[in-house]
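Just so you know, these numbers use all the heavy atoms, side chains as well, and skip hydrogens, waters and symmetry mates. Here is how names work: the chains are called A, B, and so on, in the same order as the sequence lines, proteins then strands, and each is numbered from 1.
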Amino acid sequence: MIQKQCKVISNKLIAKDYYELVFNWESSFNPKPGQFLTLRPQGLPLLRRPFAFSSFKDNRAAIIYKTVGKATKGFSSLTEKDSISILGPLGSGFDLPKKRPVLIAGGIGLGPMLFTAIDFAERGLSPILVIGARDKSFIPKLELGKGVEVVIATDDGSLGFKGNVTQCLKTEYNNILNNCEILCCGPHIMLKACHELALEYDIECQVSMEEMMACAVGACYGCVVETTHQEKYKRVCKDGPVFNSREIVWI
Amino acid sequence: MIQKQCKVISNKLIAKDYYELVFNWESSFNPKPGQFLTLRPQGLPLLRRPFAFSSFKDNRAAIIYKTVGKATKGFSSLTEKDSISILGPLGSGFDLPKKRPVLIAGGIGLGPMLFTAIDFAERGLSPILVIGARDKSFIPKLELGKGVEVVIATDDGSLGFKGNVTQCLKTEYNNILNNCEILCCGPHIMLKACHELALEYDIECQVSMEEMMACAVGACYGCVVETTHQEKYKRVCKDGPVFNSREIVWI
Amino acid sequence: MDLSVKIRDKIMQNPVGTASGTFGFGEEYGELIDLSQLGSIYTKAVTVLPREGNPLPRLTETPYGMINSIGLANTGVKGFLENKVPFLNTIKNCAVIVNVAGSTEDEYTKVIDMIDSVDSVWGYEINISCPNVKCGGLAFGTDPVQVERLTKEIRKRTNKPVIMKLTPNVTDITTVATACEIGGADAVSCINTVMGMKIDINKKKPAIYQKTGGLSGPAIKPVGVAAVYRVSKKISIPVIGLGGIMNWEDAVEYFLAGASAIQIGTANFIDPNTPIDVLDGIKRYMTNNKLEKISDFHSFIE
Amino acid sequence: MDLSVKIRDKIMQNPVGTASGTFGFGEEYGELIDLSQLGSIYTKAVTVLPREGNPLPRLTETPYGMINSIGLANTGVKGFLENKVPFLNTIKNCAVIVNVAGSTEDEYTKVIDMIDSVDSVWGYEINISCPNVKCGGLAFGTDPVQVERLTKEIRKRTNKPVIMKLTPNVTDITTVATACEIGGADAVSCINTVMGMKIDINKKKPAIYQKTGGLSGPAIKPVGVAAVYRVSKKISIPVIGLGGIMNWEDAVEYFLAGASAIQIGTANFIDPNTPIDVLDGIKRYMTNNKLEKISDFHSFIE
Ligand SMILES: Cc1cc2nc3c(=O)[nH]c(=O)nc-3n(C[C@H](O)[C@H](O)[C@H](O)COP(=O)(O)OP(=O)(O)OC[C@H]3O[C@@H](n4cnc5c(N)ncnc54)[C@H](O)[C@@H]3O)c2cc1C
Ligand SMILES: Cc1cc2nc3c(=O)[nH]c(=O)nc-3n(C[C@H](O)[C@H](O)[C@H](O)COP(=O)(O)OP(=O)(O)OC[C@H]3O[C@@H](n4cnc5c(N)ncnc54)[C@H](O)[C@@H]3O)c2cc1C
Ligand SMILES: Cc1cc2nc3c(=O)[nH]c(=O)nc-3n(C[C@H](O)[C@H](O)[C@H](O)COP(=O)(O)O)c2cc1C
Ligand SMILES: Cc1cc2nc3c(=O)[nH]c(=O)nc-3n(C[C@H](O)[C@H](O)[C@H](O)COP(=O)(O)O)c2cc1C
Ligand code: FES
Ligand code: FES
C-alpha cells in the first residue's frame with residue numbers, strides 16, 4: 001500500500017446517483033479485485049472514505065461510488081484539474097474460486113464485482129455477474145467485453161428479472177447453483193441472503209463486508225466484524241474485506 | 001439589517017491578494033459608507049466573516065477583501081453561478097465630517113474608504129483619499145470619478161510618496177492638516193498614528209476599528225474595544241465600527 | 001402534534017430556545033427573526049452589580065468551534081430592570097428565562113429577589129459555571145454539596161421554574177444533576193461551554209486575554225449529547241439539551257438522547273434563522289416518524 | 001537545533017510520537033512511513049489477559065472529530081511478547097513506549113513485571129482512563145488518591161520512564177497531574193479522549209454499541225491545549241501533549257502551551273504522513289523563530 005496524490009482523469013455520472021472516478025495510478029502496488037482504497041475528503045468530513053477498486057489497467061484505476069453524504073457529494077464535483085489523496089490498495093481481495101464463479105453485486109457493490117468479473121473473464125473462468133438494483137435507473141451501461149455473462153435483477157422488473165438477486169438465481173440459474181462458487185458485495189442483507197443460499201446449496205461463498213473505518217490499515221481495530229474464530233472480532237480492512245461467508249456471525 | 005442569500009455578480013482579482021466581490025443587493029436596507037456585512041464561509045471556518053461595503057448602487061453592492069486565511073481563500077473561488085449568505089448592513093458607518101475630509105486607507109481599509117470617498121464626492125465634500133500600501137502591486141486600478149483627490153503612499157516608493165500615510169500627509173499636505181477631519185480604516189498601528197496626528201493638529205478623527213466578531217449584531221459582547229466611556233468596553237459591531245478616535249483607549 | 005414542554009407548572013409553546021449569552025436580551029435578533037415563534041429565550045447572564053466583563057480579546061475560532069471569555073459583562077440587575085425588561089415585556093408567546101450568575105450564594109438570590117415580581121420573567125436559568133469565590137476559584141457547579149444548597153436557597157425565593165445549568169467540566173455530571181433535583185430544581189440544562197484554550201503561534205500568545213475560555217459550537221456536540229443522555233437516565237426532572245446544535249438533525253439527536261427541550265447557542269451567530277429552521281425540521285421529523293409529543297422521543301434509547 | 005527530549009534518564013531523538021491506539025504496534029504504518037524518523041511510538045494498550053474488545057459498531061464520525069470505543073482489544077501481554085516484540089525489536093532510533101491498561105492495580109503491575117526486561121521497550125505510558133473496578137466504574141484517572149498509589153506501585157517495579165496518561169474527563173486535571181508527580185512519575189501525557197456520544201437519528205440508536213465513547217480529533221484540540229497549559233504550570237516533570245494535532249501548527253501550539261513532546265493520534269488516520277510533516281514543520285518554525293531547543297518554547301506564555 002501507498003499514500004499518494006493522484007490526478008483525476010475523469011469523474012462521470014454513470015447511473016442515477018452513481019459516479020465513476022478514474023484516476024492515475026502509477027505505483028508498483030497493483031490493486032486486485034476486491035481490494036479497496038481510501039480517499040481523503042476535502043474540507044469537512046474528517047475521516048477518509050473507503051471505496052473498492054472497480055478497474056485497473058495501464059496506470060489507470062477507478063472506483064464507482066454512490067453519492068450518499070457529504071464526502072461523496074464533495075467527490076462528485078471533482079474534475080480533471082483536481083488531484084486527490086489516495087491510500088491503497090488495501091485489504092485482501094477475492095480468492096480465485098475453484099468452481100465457476102457467480103458474482104453478485106448489489107448497489108455500491110457494483111464496482112468491485114465489475115473488476116472481478118473482467119479479471120475472471122481474462123483468466124477464462126467464465127464468470128456470471130448478477131447485478132441487483134431497485135430499478136433500471138441505477139444500472140449503468142456496461143461494456144464488459146466477452147467472457148462475462150451478465151444477469152440483471154430489479155425489484156420493480158424495469159430491467160431483467162423482477163425480484164432480488166437470490167430469487168433470480170434460484171429461479172433462472174438453479175442448475176448452476178449446485179456447482180458454483182458465490183462471490184458477493186452489496187448491502188448486508190443481500191450478503192446474508194447469499195450466505196444462506198450458499199448453505200442451502202452447500203457451495204462456497206466469499207462475501208465482501210463493509211464497516212465504518214478509521215485507519216483502514218489494520219491499526220485501530222475499529223472496523224471489526226464478529227466471526228466464528230477464536231479471536232472473535234476480525235478487522236474488515238486488514239483481515240478482509242473479503243471473508244468466507246461461513247466465518248461471519250450473521251446478525 | 002437582514003440576512004439573505006445574494007447572487008454573486010463578479011469576483012475579480014483587482015490587486016495582489018485583493019479581490020472585489022460584487023453581488024446583488026435588493027433590500028430596503030441601504031448600506032452607508034463605513035457599514036459592514038458578514039459573509040458565511042462554506043464548509044470549514046465556522047464563524048461568519050466581516051467585511052466593509054466598498055460600494056453600493058442600483059441593487060449592487062460590493063466588498064474588497066484580501067485573501068489571508070481559509071475563509072477568504074474560499075471566497076476567492078466564488079463565481080457568478082454561486083450565491084452567498086450575507087448579513088447586513090451592520091454597524092454605524094461614518095458621520096458626515098464638518099471639515100474637509102481626509103480619508104486614509106491602509107491595506108484592507110481600502111474598500112470602505114473608496115465607498116466613503118465616492119459618497120463624499122457626490123455630496124460635494126471634496127475628499128482627499130490617501131492610500132497606503134507596502135508597494136504598488138497591492139494598489140488596484142481606481143476609477144473614482146471626479147471630486148476625489150487621490151494620494152498614494154508606498155513603503156518602498158514604488159508608487160507615489162515613499163513612506164507611510166501619516167508621513168505623507170505631514171510632508172505633502174501639512175497646510176491642510178490644520179483644517180480638516182480625518183476618517184480612517186486600516187491596520188491598528190495606522191489608526192493609532194492617525195489618532196496621534198489628529199491630536200497633534202487638534203482635528204477630529206473617526207477611526208473604523210476591527211475586532212474578532214461572533215454575532216456581529218451586538219448580542220454577544222465578544223468584539224469589544226476599550227473606551228474612555230464609563231461603560232469601559234464598547235462593541236465594535238454595534239456601537240462602531242466607527243468611533244471618534246478620542247473615545248478609544250489606544251494601546 | 002403537541003410541541004409544548006412543561007416545566008414546573010408552566011408551559012413553553014415549543015422546545016426550541018436560544019442559549020444564554022448568544023442572543024443578548026432578544027432585541028438584536030428581533031430585527032432578524034420573529035421572536036414570538038420561539039419556545040424560549042434565555043437571556044445573557046444577569047448579576048447583582050454591573051460587570052464590565054473581561055479584557056479583550058474575548059473571542060477566537062477553533063476547529064469547528066469557538067472559544068469565548070466574555071466574563072459575564074452585563075449592566076447588573078438594575079440596568080436589566082430599567083433597560084431590558086421594557087423590551088422583554090413586548091415579546092409574545094415565548095418564555096423569557098433569565099440567566100442568573102454570581103460569585104456567592106447571596107449574589108444569586110439577590111438577583112432573584114429583585115426580579116421575581118416581573119411578570120414577563122417566565123423563569124430562571126442558574127449559571128453555576130461561574131467561578132465560586134468560596135470554592136477556591138473552581139466553579140460552583142463542580143461541587144454537588146454547594147449546588148444542592150444553592151438550589152435550595154433559590155427554590156425558597158421563587159415559585160417560577162428554576163433551571164440549573166450544568167457545566168461539563170466535572171468528573172461526573174450526573175452527581176451534580178442529582179444534587180439539583182434534590183435541591184428542588186424544576187429542570188437542568190446541559191451543557192455550558194467546555195474549557196478550552198488556543199494559542200496564536202505567530203504572536204506566541206494565548207488567543208484570548210483570559211488564556212482559557214469556554215469552547216462552544218459543533219465541536220462539542222458529542223459532549224453535550226453524552227451529558228444529556230447520562231443525566232436524563234439519572235434524574236426525573238426535564239433535561240434541556242444544548243451544545244453544538246446547528247440544525248434540526250442535531251436537535252433530534254438531543255431529544256433522542258433524553259432532552260425535553262433544546263437551546264441554540266453558537267449557531268445563532270452562523271445563521272440567525274437557525275431556531276426557526278430547527279423548529280420546522282423537528283415538526284417534519286415528528287410527522288414522518290409518527291411522534292406525537294416530545295416525550296415520545298425518549299422511548300428509543302435505553 | 002536540539003530536538004531531543006529527556007524523560008527520566010533517557011533521551012527521545014525528537015518530540016514527535018504516535019498516540020496509543022491509533023498506530024497499532026507500528027507494523028501497519030511501517031509500510032507507509034519511515035518509523036526510525038519518529039521520536040516515539042506509543043503502542044496500543046496492553047493488558048495482562050487478552051481482551052476481545054467491545055461489540056461493534058466501535059467507531060463513528062462527529063463534527064470534525066470521531067468517537068471510538070475499541071475497548072482495549074489486544075492479545076494480552078503474552079501475545080504482545082510473542083507477536084509484537086519481534087517487530088518492535090527491528091525499529092531503529094525511535095523510542096517504543098508500551099501503553100499499559102488494567103482494571104485493578106495488580107493488572108497494571110503484572111504487565112510491567114512481564115515486559116520490563118524487554119530491551120526494545122523504552123518506557124511505559126499508563127492509561128488511567130480505564131474504568132476501575134474498585135472505583136465504582138469511574139476511571140482510575142479521576143481520583144488523585146488512587147492515581148498516586150498506582151503511580152507509586154508502578155514506580156517500584158521499573159527503572160524505565162513512566163508516563164501517566166491523564167483523562168480530561170475530570171473536574172480538575174491539575175490535581176491528578178500533581179498526584180502523578182508525587183507518586184514518582186517521570187512525565188504525564190494529556191489528553192486521552194473526551195467522553196462523547198452520537199445518535200443515529202434514522203435508526204434511533206446510538207451510533208456505537210457502547211453508547212458513549214471517546215471523542216478525538218481536531219474538535220478536542222482546545223481541550224488538550226488547555227489541559228497541557230494548566231498541567232505544565234502546576235508540575236515540574238515534562239508534559240506530553242496530544243489531542244487533535246493535525247499539522248505542525250497544532251504541534252507548535254502545544255509546545256507553546258508547555259508541552260515537551262507531542263503525540264499524533266487521529267491524524268494518522270487522515271494522513272499517515274502527518275508525524276513526518278509535523279516534525280519538518282517544527283524544525284522550520286524553530287529555525288525561523290530562532291529557537292534552539294524544545295524548552296525554548298516554554299518562555300513565552302506565563
Ligand atoms: C471496504 C469498503 C468498500 C466500499 N466500497 C464502496 C464502493 O465501491 N462504492 C461506494 O459507493 N461505496 C463504497 N463503500 C461505502 C462508502 O465508503 C460510503 O458510502 C462513504 O464513506 C459515504 O461517505 P459520505 O460522507 O458520502 O456519507 P456519510 O453520510 O458520511 O455516510 C453514509 C454512510 O456511509 C458509511 N460510511 C461513512 N464513512 C465511512 C467510513 N469512513 N468507513 C466506512 N463507511 C463509512 C456509513 O455507513 C454511513 O452511515 C465502501 C465501504 C467500505 C467499508
Ligand atoms: C468590521 C470589520 C470590517 C472588515 N472589513 C474588511 C474588508 O473590507 N476587507 C477585508 O479584506 N477584510 C476586512 N476585515 C477583516 C476580515 O474580516 C478578515 O480578514 C477575515 O475574517 C479573515 O478570515 P480568514 O478565514 O480568511 O482568515 P483567518 O486566518 O481566519 O484570520 C485572519 C485574521 O482575520 C481576523 N478574523 C478572522 N475571523 C474574524 C471574524 N469572525 N471577525 C473579525 N475578524 C476576524 C483575525 O484577526 C484573524 O487573525 C474586516 C474586519 C472587521 C472586524
Ligand atoms: C459568546 C458566548 C457567551 C455566553 N454567555 C453565557 C452566559 O452568560 N451564561 C451562560 O449560562 N452561558 C453562556 N454561554 C454558554 C451558552 O449558553 C451555551 O451553553 C454554550 O455556548 C454551548 O452551546 P452552543 O454550542 O450551542 O453554543 C455563552 C456562550 C457563548 C458562545
Ligand atoms: C481508535 C482509537 C483508539 C485508542 N486507543 C487508546 C488506547 O488503547 N490507550 C490509550 O491510552 N489511548 C487510546 N486512544 C486515545 C489516543 O491515544 C489519544 O489520547 C486521543 O485520541 C486524543 O488524541 P487525537 O485527538 O490526536 O486522536 C485511542 C484513540 C483512538 C482514536
Ligand atoms: S479501520 Fe482501523 S483496523 Fe480497520
Ligand atoms: S460580535 Fe457579538 S457583540 Fe459584536
Side-chain angles (χ1 to χ4, degrees), chain C residues 60 62-67 138-139 141-143 167-173 194-207 211-213 215 217-230 244 246 248-257 285 289 297 299-302, chain D residues 60 62-67 138-139 141-143 167-173 194-207 211-213 215 217-230 244 246 248-257 285 289 297 299-302:
Chain C
T60 191
T62 68
Y64 227 38
M66 59 172 283
I67 293 176
L138 279 182
T142 60
D143 178 1
T167 166
N169 303 311
V170 293
T171 304
D172 185 2
I173 197 169
V194 175
M195 188 193 285
M197 180 176 189
K198 180 174 153 183
I199 292 169
D200 181 327
I201 66 167
N202 297 314
K203 298 187 183 149
K204 304 190 185 69
K205 278 197 337 194
K211 295 175 183 166
T212 62
L215 181 63
I220 68 164
K221 188 182 65 169
V223 180
V225 172
V228 166
Y229 168 72
R230 295 178 62 231
M246 301 301 283
W248 65 265
E249 290 93 334
D250 296 339
V252 166
E253 205 180 330
Y254 271 95
F255 291 134
L256 289 167
Y285 183 91
N289 289 273
F297 282 93
S299 57
F300 296 104
I301 298 176
E302 268 306 288
Chain D
T60 191
T62 68
Y64 227 39
M66 59 172 283
I67 293 177
L138 279 182
T142 60
D143 177 1
T167 166
N169 303 309
V170 293
T171 304
D172 184 1
I173 197 169
V194 176
M195 189 192 286
M197 179 175 190
K198 180 175 155 183
I199 293 169
D200 181 326
I201 66 166
N202 297 314
K203 298 188 184 148
K204 305 189 183 70
K205 279 196 339 194
K211 295 175 184 166
T212 61
L215 182 63
I220 68 165
K221 188 182 66 171
V223 180
V225 173
V228 166
Y229 168 72
R230 296 178 61 231
M246 301 302 283
W248 67 264
E249 289 94 333
D250 296 338
V252 166
E253 206 180 330
Y254 271 95
F255 292 134
L256 289 167
Y285 183 91
N289 289 274
F297 282 91
S299 57
F300 297 102
I301 298 177
E302 268 305 286

Next item on the list: Against chain C, work out which of D:I199, D:V194, D:V228 has the most heavy-atom pairs shorter than 4.5 Å and name it.
Entry: D:I199
Next item on the list: Check the pair C:T171, D:N169 against side chain to side chain contact (heavy atoms under 4.5 Å, CB included), reporting the backbone distance first and the verdict last.
Entry: CA-CA 5 Å; C:T171 304; D:N169 303 309; over 6 Å; no
Margin query: Tell me which of these, C:A226, C:P222, C:P206, has more heavy-atom pairs under 4.5 Å with chain D than the rest.
Written below: C:P222
Notebook entry, point to check: Which answer fits D:F255, side chain, backbone, both or neither, if we ask what part of it has an atom under 4.5 Å from a heavy atom of chain C?
Noted result: neither
Notebook entry, point to check: Given the options C:G217, C:P218, C:G213, which has more heavy-atom pairs under 4.5 Å with chain D than any of the others?
Noted result: C:P218
Note to self: I need the residue from D:I173, D:D200, D:V225 with the largest number of non-hydrogen atom pairs under 4.5 Å to chain C.
What the structure shows: D:V225
Next item on the list: Please look at D:K198 and chain C and tell me whether the side chain, the backbone, both or neither of the residue comes under 4.5 angstrom of a heavy atom of that chain.
Entry: both
Note to self: Tell me which of these, D:E249, D:K221, D:K211, has more heavy-atom pairs under 4.5 Å with chain C than the rest.
What the structure shows: D:K211
Next item on the list: Apply side chain to side chain contact (heavy atoms under 4.5 Å, CB included) to the pair C:M195 and D:R230, showing each step before the final yes or no.
Entry: CA-CA 11 Å; C:M195 188 193 285; D:R230 296 178 61 231; 3.6 Å; yes
Check: With a 4.5 angstrom heavy-atom cut-off, which part of C:V223 approaches chain D: side chain, backbone, both or neither?
Finding: both
Item checked: Region of D:D250 that comes under 4.5 Å of a non-hydrogen atom in chain C -> neither
Next item on the list: Output the distance between atom CG (C:L215) and atom CD1 (D:I220), rounded to the nearest 0.5 Å.
Entry: 10.5 Å
Check: Between D:E302, D:K205, D:E253, which has the largest tally of heavy atom pairs under 4.5 Å with chain C?
Finding: D:E253
Next item on the list: Measure C:L256 against the heavy atoms of chain D and call it side chain, backbone, both or neither at under 4.5 Å.
Entry: both
Check: Which region of D:I201, side chain (C-beta onward) or backbone (N, CA, C, O), has a non-hydrogen atom less than 4.5 Å from a non-hydrogen atom of chain C, or is it both or neither?
Finding: both
Next item on the list: Run the numbers on D:N289 and C:K204 for side chain to side chain contact (heavy atoms under 4.5 Å, CB included), then give the verdict.
Entry: CA-CA 10 Å; D:N289 289 274; C:K204 304 190 185 69; 2.7 Å; yes
